[in-house]
Amino acid sequence: MVDKIQIEEWVAKGTITSEQASKMLVDSSAFKKDKSSNRFISALSTIGAILLGLGAILFVSSNWDVLTDVGKTAILVLATLGAYTLGYFMKYKWQNLPRTGGALIFLGALLFGATVFLLAQIYNVNAGNPTLVLIWLVGVLPLVYSLASVPMAGLSALLFYIWIASYLWEHGSEFGPDLYRTPALYLVASIALFGFGALHYLSPKLHKVARAYRLFGLRLSLASLFVLTFEFFSSGANKGWFGGYRGEAAYSGEFTIFFAIFAVLAILLSVVSLFFNPARADTNSFESSLALTLAALTTVFFFFPATSIIYSVIFNLALAGVGIGTIYTGYRREDMKVINAGAFWIALLILARYFDFFWDMLSTSVFFMVGGAILILGGIALERKRRELKARFNSATPAAPTNPAIS
Amino acid sequence: MSKKVFLFIGLFWLAIFAVFIASKESVLRGGQEVLLQTVPVDPRDIFRGDYVTLRYEISTLDQADVVIFNRGWNESLGVGDKVYVNLLQDGEYARADGINLEQPDSGIFIAGTVKSMYGSVINVDYGIESYFVPEGTGHDIEDLSGELAVRVALSSSGRAVIKELVYPPSLPIVLPPKTPTTNSGVKGIVLLGPICPVMREGDSSCDDNLYQTTIGIREVNSRNPMAAITNDTRGYFEVSLPSGVYIFEPVPRKASPDSPFPFCAEQTVVVNEGSFTDVVLHCDTGIR
């Protein structure tokens with residue numbers, strides 16, 4: 001949608017008349033208001049669906065013994081299919097309440113998971129069984145591709161991460177000290193999700209799904225990388241801090257296989273993205289190279305651990321580099337979400353290292369005063385820069401962002 | 001979303017539910033039933049949220065004590081290996097009678113996965129280690145640990161599904177209602193004594209001790225117990241029951257099954273409408 005500055009420019013150049021400009025400004029304002037109102041309705045309905053879904057999951061977990069197992073199953077199955085069907089009719093058949101309909105379909109997906117867990121509870125399937133989350137994910141995926149909605153893509157990405165966590169939990173006793181390599185596993189899994197998201201740009205219908213997966217992957221990659229900047233995770237495991245663990249690559253074969261699968265996927269998908277550029281984006285080479293380098297670095301870290309602090313140093317530099325790279329990409333794409341993601345983790349990295357380096361060197365009072373001053377000044381700088389960029393993007397954008405890639 | 005896709009997803013979900021239910025029900029209805037004895041579990045692990053963690057006698061197996069079949073001369077068991085544990089009926093319970101590395105052609109066996117190893121001892125998970133309970137009732141079962149048994153159904157491939165928790169073996173567990181459904185019932189304590197061989201007048205150290213144990217409850221004209229409750233650590237219990245005549249029988253915790261002591265006498269209790277009857281149940285230590 002055109003903005004005021006552009007319209008004024010067109011009037012000044014004589015491209016449009018003042019009357020046309022006034023009409024365009026009114027239309028533009030009405031469109032923005034309508035868009036904002038629709039977003040609000042979608043957000044409200046989705047939050048409602050999440051609350052109802054959480055209520056259903058809590059209903060299952062309370063294992064209410066007043067109702068029989070058949071009764072509870074019937075209620076949840078009917079509620080699942082009921083929410084899903086009603087949502088479909090509202091959104092597609094009657095088309096009277098499309099946003100509420102979308103939220104009801106989302107509720108159906110949540111209730112589907114609650115029903116799977118109810119059945120698992122009735123048949124006493126072992127707690128923490130990762131297969132249950134996988135079944136939920138399999139049930140949600142057809143909706144991701146048929147609806148191409150952001151909440152559904154977000155739910156599937158969340159289930160993917162929960163599945164990894166529950167798999168690690170289930171095999172905790174077998175994995176032993178390897179569990180301290182979990183951040184590395186999450187990092188390669190997130191890079192794989194980032195690359196997997198890019199493939200969705202091949203279908204114009206799935207651009208929203210692509211963006212949701214890539215943003216999810218990017219944020220989790222940065223978070224995992226941040227955890228790895230701590231010596232505790234990057235070299236502590238190899239120093240025998242966690243009992244009987246030496247400077248060896250891996251303890252459990254199954255954990256190694258699990259990691260290797262995601263590492264290979266992360267590298268393959270990054271290579272595919274690098275050479276085929278499914279997003280048709282200017283920054284694709286930069287983004288894909290960064291993802292590929294990070295995946296390769298994490299793989300080397302996993303298979304060739306060191307007892308020195310070398311990896312801790314490397315991961316600190318990597319996070320600083322990836323954070324700056326993310327800000328750069330966001331700047332190029334004029335995407336505040338990407339810039340925010342990079343800025344947040346860079347700020348957190350600075351804060352964490354400030355604590356590491358100066359805690360022992362400075363007296364407590366000076367430490368907190370200097371830290372507080374850094375935070376306030378950093379906050380001012382970030383806010384100003386953010387506002388400046390936002391204003392610049394808004395004024396420079398001739399139409400709604402169409403650039404894909406992470407944006 | 002087209003109508004076809006809408007119908008496909010709905011049917012896909014129903015198919016997932018149906019396969020889930022069918023896979024479990026086929027074992028429960030057509031599977032071989034065995035009774036497995038549980039063993040005391042570290043109390044830190046037994047109660048986690050709304051389920052209790054169950055460990056079985058057959059969960060921990062010493063390779064020195066059981067025969068391992070189909071094992072190559074240089075082959076050793078490892079964490080993550082799938083095993084089939086042969087079961088032998090020993091009285092009411094099924095006990096481990098060898099480990100198979102391949103699925104046996106006949107006999108009763110249960111499939112599991114080696115979860116951890118300590119020397120020659122292996123810990124095996126059978127997928128029946130969680131028992132889900134109504135919210136807030138986990139402690140009732142936790143208190144019965146070590147005296148519980150679990151009836152499981154086994155498929156022809158050794159897959160196990162929990163059928164019910166039993167205590168003692170012939171008595172299905174009936175948890176007392178969390179909130180009283182009637183305004184009548186029984187409250188009281190269980191005492192264990194004598195404590196000293198010689199009782200001296202005024203010596204309170206030899207008073208009977210409060211005793212925590214499980215109490216079976218049945219109606220006076222019935223041979224089948226209707227509930228099993230556990231008194232709290234102070235020996236106190238309270239149970240809501242409709243008016244009637246009941247038999248209360250504490251089940252003592254014995255050092256060995258053959259030991260005659262402690263011995264707990266059953267007691268007839270009359271419950272009147274609108275009131276709780278006070279009772280004191282006694283168990284005998286055998287000390288004279």
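Here is how names work: the chains are called A, B, and so on, in the same order as the sequence lines, proteins then strands, and each is numbered from 1. Excluded from the calculations below are hydrogen atoms, water molecules and symmetry mates; all remaining heavy atoms, backbone and side chain alike, are included.
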| query | So what's closer than 4.5 Å to chain B heavy atoms on A/A148: side chain, backbone, both or neither? | reply | neither
| Got a second to check how far A/N124's CG is from B/E164's CD, nearest 0.5 Å? | 11.5 Å
| Would A/Y92 and B/F6 count as a close aromatic pair, with their ring centres under 6.0 Å? | no
| query | Looking at B/L28, B/I128, B/I162, which hits side chain to side chain contact (heavy atoms under 4.5 Å, CB included) with A/Y123? | reply | B/L28
| task | Let me know if A/L119 has heavy atoms under 4.5 Å from chain B in its side chain, its backbone, both or neither. | result | both
| query | Is it the backbone or the side chain of B/K163 that comes under 4.5 Å from a heavy atom of chain A, or both, or neither? | reply | neither
| Residue B/V161 versus chain A: region with a heavy atom under 4.5 Å | side chain
| note | Applying a strict 4.5 Å limit to non-hydrogen atoms, the region of A/Y84 in contact with chain B is both
| field | Partner chain A: residue of B/F12, B/W13, B/F20, B/F8 with the largest heavy-atom pair count (under 4.5 Å) | value | B/W13
| query | So, A/N126 side chain and B/S130 main chain: donor-acceptor pair closer than 3.5 Å or not? | reply | yes
| said: Does any backbone or side-chain atom of B/I16 lie under 4.5 Å from a heavy atom of chain A? Answer side chain, backbone, both or neither. | reply: side chain
| task | Please report the shortest heavy-atom distance between B/K115 and A/E170, naming the atom on each side. | result | NZ-O, 3.1 Å
| request: Can you tell which part of A/L132 gets under 4.5 Å to a heavy atom of chain B, answering side chain, backbone, both or neither? | output: side chain
| field | When A/L143, A/I105, A/I122, A/L147 are compared by non-hydrogen pairs under 4.5 Å with chain B, the top option | value | A/L143
| message | Using 0.5 Å steps for rounding, measure from the CZ atom of A/F112 to the CG atom of B/L14. | response | 9.5 Å
